[in-house]
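Have a look at the structure below before the remarks.
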Amino acid sequence: MGEKIKKAIGVEGDFKTAILPMINYSYANMFLGGAGYIIGMYFTIFLTDVVNISLQQAGIVVMIATIWDAVTDPVMGIITDRTRSKFGRHRKYLLWGIPVILISYSLLWNSFGINGKENPKLAMIYFVLVYMLYKTAFTIVSVPHTAMLPELAPEYNLRTQYNSVGYLFNSAGMVPAFGIAVLILGLFGSGKNITSDSKPPFLVIGIVLAIFFSVSVFLTFKTTKEKPSLGMHVEPLDVKYILREYVLVFKNKSFRQYFFMSVAYQFATGFYANSKVYYIKYLANQYGRYALFNAVAGVAEAGAFPLNYALTMKYGKQKCGNIVTPLMIAGLAIGLFMQTDNGGKWSWVFAVLMMLSMILYPFGMSGLGFVSTNIFPDLTDVDELITGRRREGVIATFSTLIKKSIAGVMAAMVGFTLQGFGLVTGDTVSQFEQTTGKLYEQTTSAVWGVRICVAVIPIVAALISLYLLKNFKMNKEDHTMIRAAVATKHKYGSVTLTDEEIKRCELISGQKFHKTWLGTGNNDEEEHRLEKNEDGKYIILIEAEEEENKEKAIQK
């Protein structure tokens with residue numbers, strides 16, 4: 001990478017020390033981004049139109065598995081934070097997750113001949129269990145991987161760079177996975193319509209992608225380094241300890257702001273994602289363009305990345321969300337007016353509108369997603385200000401516990417809403433269209449059920465998330481000041497802050513300074529004030545000492 005390019009994106013250092021560690025860490029993002037992307041595109045319609053279970057049953061499958069995922073996340077977070085290993089607290093779990101990925105993702109797309117019409121309970125139970133197994137695999141990998149980041153990238157902008165490379169690797173997982181799925185469906189004759197005859201291609205898709213995603217996780221395990229944790233002190237584990245750990249998380253004001261903002265964002269994207277395929281297939285009747293629409297959406301989301309990154313690096317982590325989110329809302333609003341593409345004189349208009357929606361929504365959605373991803377690692381430093389400890393796993397999994405529980409309920413809500421409004425799916429539609437040669441016309445009530453799920457609720461939730469984002473206060477200088485104060489306290493046992501610094505700590509943490517770890521035990525007789533360099537930036541003592549030691553080693 002040329003020096004001009006590195007300067008443009010704000011990366012310092014050579015390829016081996018600056019760029020390669022980001023790439024190594026991000027290999028696993030091919031699994032974390034790609035596996036869920038294919039599930040979001042095809043799993044619910046696989047359940048309703050291939051396995052032939054009802055919309056309500058499909059919603060229950062997703063709900064139970066997602067709530068299971070939410071429950072296992074905190075358990076995994078506590079396990080990783082307490083792990084003593086030569087590999088570090090988190091890294092070895094990436095290796096342990098690989099066989100579970102291989103088994104679960106293969107089974108997820110294979111019904112073993114079970115038909116939802118003939119054995120609805122058996123089909124639902126089978127897919128609940130298999131989806132729970134996959135969610136367990138995802139937890140084993142995703143929680144340690146997320147918890148590693150604050151340690152690997154302690155600096156404010158460096159975390160944005162790591163997340164940005166991870167974002168690119170998400171696409172590097174989604175694009176080939178999507179291409180593999182489309183290619184296999186096309187080879188088996190299911191490219192333009194998915195029916196109960198589409199079982200073989202989905203089985204092949206599951207096996208091929210299980211191998212692809214497992215390799216990506218192995219590459220991160222093999223190439224990423226983490227400090228050993230064999231000598232780490234671990235407190236006794238009991239119910240009281242666990243409850244206290246999670247109560248402490250929510251005392252963090254910055255976490256609360258992030259949490260409610262990301263929950264609203266999740267409502268917007270969750271309702272849209274769970275109803276999108278029915279929107280395209282049964283409302284607009286444009287499923288023949290489904291692959292094209294998703295390809296365009298993927299390009300639009302990836303195309304927003306340079307803008308999001310540039311805005312973040314220049315103006316802070318909140319800016320891109322404030323600027324591009326209105327485009328997301330505009331893309332969602334098109335769903336309020338979409339009509340069936342019935343071959344009439346206006347059909348081309350609705351096809352163009354659908355394409356426009358596929359561009360605006362993902363481009364705008366990426367802004368809030370980028371903000372949420374980049375803000376999260378900084379919350380661990382605010383937590384350390386309050387508690388004096390590094391608790392990446394606990395913080396990550398407390399957030400996902402609630403959000404994934406909500407996501408599970410949302411999936412069921414979409415299924416119950418669509419079925420409650422009378423949407424007809426599965427063999428009833430395909431048999432009618434094959435027999436008559438005409439499009440199946442959904443009732444006005446069913447059409448509005450789709451509109452509510454794909455547009456009305458997501459628009460309201462996106463507006464709420466945008467409002468909450470504007471109230472998030474921590475910036476780069478605040479974050480650096482907090483890290484400098486924490487490092488000083490760790491080194492000397494006390495730290496002396498100015499009135500303005502104390503005020504900022506209280507505003508960001510939501511705690512009176514004297515009640516935080518940073519504000520307790522300070523000796524007024526001996527002052528340890530924060531140092532700044534010639535540019536007026538805070539000096540973090542531990543990092544400054546490490547740089548000094550490196551320079552001495554180089555000189556020797």
Side-chain angles (χ1 to χ4, degrees), residues 156 160 163 167 249-276 300-301 304-305 307-336 357 360-379 382 395 398-407 409-410 413-414 451-479 503-504 506-511:
Y156 186 82
T160 297
N163 281 324
Y167 183 88
V249 172
F250 220 70
K251 286 187 175 182
N252 183 340
K253 180 181 177 181
S254 292
F255 176 86
R256 295 197 302 270
Q257 291 174 324
Y258 156 84
F259 174 76
F260 289 117
M261 177 194 71
S262 57
V263 164
Y265 170 74
Q266 189 175 24
F267 261 93
T269 57
F271 265 88
Y272 180 87
N274 282 296
S275 55
K276 172 184 171 183
E301 184 177 354
F305 165 73
L307 175 62
N308 291 331
Y309 182 83
L311 290 171
T312 299
M313 296 298 288
K314 188 170 183 179
Y315 298 108
K317 297 185 178 182
Q318 297 92 308
K319 194 68 173 181
C320 62
N322 292 327
I323 290 178
V324 304
T325 302
L327 298 178
M328 170 188 179
I329 296 169
L332 291 169
I334 291 175
L336 297 172
S357 174
L360 292 176
Y361 169 79
F363 192 98
M365 175 269 294
S366 69
L368 277 173
F370 201 71
V371 170
S372 181
T373 300
N374 283 301
I375 282 177
F376 177 77
D378 303 335
L379 304 176
V382 182
I395 294 171
F398 180 88
S399 177
T400 56
L401 167 66
I402 308 298
K403 289 192 291 184
K404 287 182 178 179
S405 298
I406 293 171
V409 174
M410 274 194 297
M413 287 173 64
V414 169
R451 293 193 200 285
I452 289 170
C453 292
V454 85
V456 176
I457 294 176
I459 288 172
V460 173
L463 289 170
I464 293 172
S465 185
L466 186 59
Y467 170 78
L468 294 172
L469 173 62
K470 293 181 181 296
N471 291 321
F472 191 85
K473 301 300 182 184
M474 184 165 57
N475 56 35
K476 180 181 179 180
E477 185 178 8
D478 293 330
H479 177 257
K503 182 180 178 181
R504 294 300 298 175
E506 291 182 339
L507 178 66
I508 292 166
S509 67
Q511 302 288 307

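Sequential numbering from 1 along the given sequence is applied to the chain's residues. Please read these numbers as outputs of a predicted model, since none were measured by experiment.
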(request) Quick one: pull up CG in Leu368 and CE in Met328 and give me the separation to the nearest 0.5 Å. (result) 6.5 Å

(request) Would you please name every residue forming a ring pair (Phe, Tyr, Trp, His ring centres under 6.0 Å) with Tyr272, sequence neighbours left out? (result) Tyr361

(message) Has Arg256 got a side-chain atom pairing as donor or acceptor with Phe250's backbone, closer than 3.5 angstrom?
(response) yes

(message) Just checking Phe376 against Tyr258, ring centres under 6.0 Å apart?
(response) yes

(request) Take the angle between the ring planes of Phe370 and Tyr309 and call it parallel below 30°, perpendicular above 60°, tilted in between. (result) perpendicular

(request) Of all the heavy-atom pairs spanning Ser357 and Gly331, show the shortest one and how long it is. (result) OG-O, 3.0 Å

(message) Going by the rule salt bridge (Lys or Arg N to Asp or Glu O under 4.0 Å), which residues pair with Arg451 if we only count those two or more places apart in sequence or in a different chain?
(response) none

(request) Ignoring hydrogens and angles, tell me if any N or O in the side chain of Gln257 forms a donor-acceptor pair with the backbone of Asn471 under 3.5 Å. (result) yes

(request) Might you point out which heavy atoms bring Gly270 and Asn274 nearest each other, and give the distance in Å? (result) O-ND2, 2.8 Å

(request) Can you tell me which residue pairs pass the side chain to side chain donor-acceptor pair (under 3.5 Å) test with a partner in residues 317-332, sequence neighbours excluded? (result) Lys317-Asp378

(message) Using only atom types and a distance under 3.5 Å, with no angle test, would you say the side chain of Ser366 pairs donor to acceptor with the backbone of Phe363?
(response) yes

(message) Can you give me the closest heavy-atom contact between Asn308 and Cys320, atom names plus distance?
(response) OD1-CB, 3.4 Å

(message) Can you confirm whether Leu336 sits close enough to Ile459 that some side-chain heavy atom of one is under 4.5 Å from a side-chain heavy atom of the other?
(response) yes

(request) Give the minimum heavy-atom separation between Ala264 and Ile464, together with the two atoms involved. (result) CB-CG2, 3.9 Å

